[in-house]
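In what follows, chains carry the letters A, B, and so on, assigned in the order in which the sequence lines appear, proteins first and then strands, with residues in each chain numbered from 1.
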Number of protein chains: 2
Amino acid sequence: MTIYDIAKSCAVSIATVSRVLNGSPKVSPKTREKVLAAMNEHNYKPNPFARGLGLNSMKMIGILCTDVSDAFFAKAVSLVEHDLRKRGLDVILGCTGNELSDKKKYLQLFLDKHVDAIILIGSPFREEQDNSHIEKIAKQIPIITINSLLDVPNIYCVLCDEKEGMQKAIELLAKQHCDNILYLYDSLSYSGQQKLAGYKAGMQEYNLKQVPHLIQRIPRTLEAAEAITTKLLDSGVELSAITASEDLLAVGAQKALSARGIILPVIGFNNSILAECSTPSLTSIDNRLDVLCPAAVTILAQILNGDFAAAPSKTIFPSLLVERESFSHNKPNKKEAAL
Amino acid sequence: MTIYDIAKSCAVSIATVSRVLNGSPKVSPKTREKVLAAMNEHNYKPNPFARGLGLNSMKMIGILCTDVSDAFFAKAVSLVEHDLRKRGLDVILGCTGNELSDKKKYLQLFLDKHVDAIILIGSPFREEQDNSHIEKIAKQIPIITINSLLDVPNIYCVLCDEKEGMQKAIELLAKQHCDNILYLYDSLSYSGQQKLAGYKAGMQEYNLKQVPHLIQRIPRTLEAAEAITTKLLDSGVELSAITASEDLLAVGAQKALSARGIILPVIGFNNSILAECSTPSLTSIDNRLDVLCPAAVTILAQILNGDFAAAPSKTIFPSLLVERESFSHNKPNKKEAAL
DNA sequence: GTGAAAGCGCTAACAT
DNA sequence: ATGTTAGCGCTTTCAC
């Protein structure tokens, strides 16, 4: 069933059929009805390849993340897919892993596939040194980053102020008279840098001493977090609270504490399901994917619509601190506090 | 840069260029080299839409899951994407949610988009009553299901024997002289039925009494699992072990136990990151996504290759029980045991 | 082994 | 408001 068949069955030209297909106003209501009816009757669906050829677009958005099996990225993909679909946009997914060469490959692949835009999820797509490979792509198609910041034309960034988030977490602890606050982190991606900066700013703000052994970079595993925490505890280092760049690390630290029967405030990051599953449940900083993702898609839609003026190049939302047992065992109810 | 440009720059016809593009043997090595060189020099990439029009395929596979933000589905998507990409196949992702009408919509959408095949992830795509909507699609394009079973022509199922998995878990508990084994579950999807059947079979095998209040259907939330477990404990019901259809539920149950200082064997399902993060860490049944997914993609590749004879309509792998603290606090090391 | 030419199903400019 | 027609860039017969 093609546009020709529909045209024939209605005794109109293919141009007219194409017009109703594309919602052109230059069709009389009568013929429009007639054509629509025929399409319905024959259950006609336009061939997307032919359409793609003509329009040079198949309304597909490439979504890239380093790893969808990571809870944080998965949530973002889920939210983005949902909003994209609502606007009739398709999602082609790529999981790049952390190798730069693979990231480049995927970027090029999507470009070659003529996707309409690319959404980069997470800050692993911002390289420490050189992002010229992304800039190059951005010259050809719009790029949206979620939770990363790239100051490049045609790249639109939607992110959460993670530095402030972490800083407020430290403030909260400081106000509870915690001074020796451990910070566990695994990566110095843009996001990683922001969080670390937040920790340092918070510590400085409250004149807390920043000692090297209280800032620990470890692999992103439960075991590593548990091990380093245990090691610090055993070495007699004084700890009054633990913070981490990732819930997983905070859970590991919490396990080390629990194993020794020690109760300390622990604050994680991402407010993932892990925070809830931890025992005691974990206080965590939420980076607002639920608002970042819709915002990103809205901006994307504006751009695809040619409405560049309406598209902010940077959109930054505040973090949210979600308190659970690991912060205050004694408080009767959980509560959320906007930072 | 089109095929015409390349043809011109090599002084050959577009047909020849197309032939080298498609690896046809009817090209002399000399001209092939020449054309390849030109393509390289001009950094030529064939237009996928034009190609799609001609071949009626863009080598895209539709992947459907109800929710990628679920750890289990996310892992499957991740594994499948990886293997698909290795074979030069693209992934278009859809998250349908649990509404049947939405599932149908996505299925039709993918069909209309002329994807080459559809991979259904998880048993939520098998409806209890009527799966004619899937059968209809399967008449047009091949469908692969991961961890679900649909006995329909042109549908290829790759799954894990979850019934046996759960049964062996019960056996293990029975051998440790547990008799009052609670089973928590949330859904009666195909997978849900299998697990429940495994529980029942295991209980029967060891002549353990199956009482209604030891089989509890609850919402898929931590809170629900914790609440029902607490309620049972408080009501004086005797419990000697807890099993669940999902790690999340097992974690909830474990929390209830921990809160009362009770130590019981707890066994979850899916062997997700939650199992590791729980305290004590959770023994769990692994449904082998790491082998199901590659197997599914291999079968898919055979089908797309026209090699239907090589494609088994059902492929079933055994489960794996992964022991952690929740089963045996006293054992010094974790270990894996094939069921 | 290579080339010419006819599609593939649609869009859009142009003509009426 | 509607029809005609020329692409879009590739694949694939069919000749040579």
Side-chain angles (χ1 to χ4, degrees), chain A residues 1-39 42-60 88 90 111-116 140-141 304 306, chain B residues 1-39 42-60 88 90 111-116 140-141 304 306:
Chain A
M1 189 57 47
T2 76
I3 208 174
Y4 290 92
D5 303 316
I6 300 296
K8 200 172 298 173
S9 88
C10 296
V12 298
S13 73
I14 59 161
T16 299
V17 179
S18 177
R19 285 192 189 97
V20 345
L21 216 47
N22 294 289
S24 158
K26 310 168 127 225
V27 185
S28 78
K30 267 186 59 178
T31 46
R32 157 166 284 113
E33 283 315 308
K34 190 170 54 175
V35 172
L36 248 20
M39 287 178 168
H42 297 90
N43 193 27
Y44 163 80
K45 309 280 176 164
N47 181 309
F49 304 137
R51 221 161 185 205
L53 228 205
L55 298 174
N56 196 33
S57 151
M58 261 182 63
K59 304 237 167 284
M60 302 218 39
D90 279 316
L111 195 61
D112 295 343
K113 291 274 187 291
H114 290 228
V115 298
D116 291 88
Q140 327 233 14
I141 53 172
L304 294 184
Chain B
M1 186 59 44
T2 78
I3 208 175
Y4 289 92
D5 303 316
I6 300 296
K8 200 172 298 172
S9 87
C10 295
V12 297
S13 74
I14 59 162
T16 299
V17 179
S18 177
R19 286 195 188 94
V20 345
L21 215 48
N22 294 290
S24 159
K26 313 171 126 223
V27 184
S28 77
K30 267 185 62 178
T31 46
R32 157 166 282 112
E33 283 313 309
K34 191 169 55 174
V35 172
L36 249 20
M39 287 179 168
H42 297 90
N43 193 29
Y44 163 78
K45 308 281 174 163
N47 180 309
F49 304 136
R51 218 153 187 213
L53 227 205
L55 298 173
N56 196 30
S57 150
M58 260 181 64
K59 305 235 166 284
M60 301 216 43
D90 278 316
L111 194 62
D112 295 343
K113 290 273 188 293
H114 290 225
V115 298
D116 291 88
Q140 328 234 12
I141 54 172
L304 294 184

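For A:Ala38, the side-chain contact (heavy atoms from CB on, under 4.5 Å) partners at least two apart in sequence or on another chain are A:Ile6, A:Ser9, A:Cys10, A:His42. A search for side-chain contact (heavy atoms from CB on, under 4.5 Å) contacts involving B:Lys45 returns A:Asp112, B:Asn43, not counting sequence neighbours. A search for side-chain contact (heavy atoms from CB on, under 4.5 Å) contacts involving A:Leu111 returns A:Gln108, A:Ile137, A:Gln140, A:Ile141, not counting sequence neighbours. Listed by chain and number, the residues in a side chain to side chain donor-acceptor pair (under 3.5 Å) with A:Ser57 are A:Asp116 (sequence neighbours excluded). A search for side chain to side chain donor-acceptor pair (under 3.5 Å) contacts involving A:Ser28 returns A:Thr31, not counting sequence neighbours. Legend: residues meeting side chain to side chain donor-acceptor pair (under 3.5 Å) with B:Arg19, ordered by chain and number and at least two apart, are absent. Every side chain to side chain donor-acceptor pair (under 3.5 Å) that B:Lys113 has, sequence neighbours left out, goes to A:Asp90.
Inter-residue side-chain proximity for A:Leu304 and A:Lys59 is flagged as unmet; no heavy-atom pair is nearer than 4.5 Å. Inter-residue side-chain proximity for B:Thr2 and B:Ile14 is flagged as unmet; no heavy-atom pair is nearer than 4.5 Å. A:Val35 is not listed as a side-chain neighbour of A:Tyr44, based on a closest heavy-atom distance of 4.5 Å or more.
Counting all heavy atoms, side chain and backbone alike, B:Phe49 lies closest to A:Leu53 at CB-N, 3.6 Å.
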Can you list the steps and then say if B:His114 with A:Asn47 is a side-chain hydrogen bond (donor to acceptor under 3.5 Å, both in side chains)? CA-CA 8 Å; B:His114 290 225; A:Asn47 181 309; 4.5 Å; no

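When heavy atoms are screened at a 4.0 angstrom cut-off, A:Ala7 is found touching no nucleic acid atom at all.
Between its two ends, the helix from C:dG1-D:dC16 to C:dT16-D:dA1 turns its axis by 30°, counting five pairs per end and rounding to 10 degrees.
Using a 4.0 Å cut-off on heavy atoms, none of the residues of residues 29-39 of chain A approach DNA chain C.
In this structure a side-chain-to-backbone donor-acceptor pair under 3.5 Å is present from B:Arg32 to B:Ser24.
Close to C:dG3, at under 4.0 Å from its OP1 or OP2, lies a side-chain N or O of B:Thr16.
Between chain A and DNA chain D, the heavy-atom contact criterion of under 4.0 Å yields a 5' to 3' nucleotide range of D:dA1 to D:dG9.
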Could you run through nucleotides 8-16 of chain C and give me one letter per nucleotide, 5' to 3': B if any protein heavy atom sits under 4.0 Å from the base, S if only the sugar-phosphate is that close, - if neither? BBBBBB---

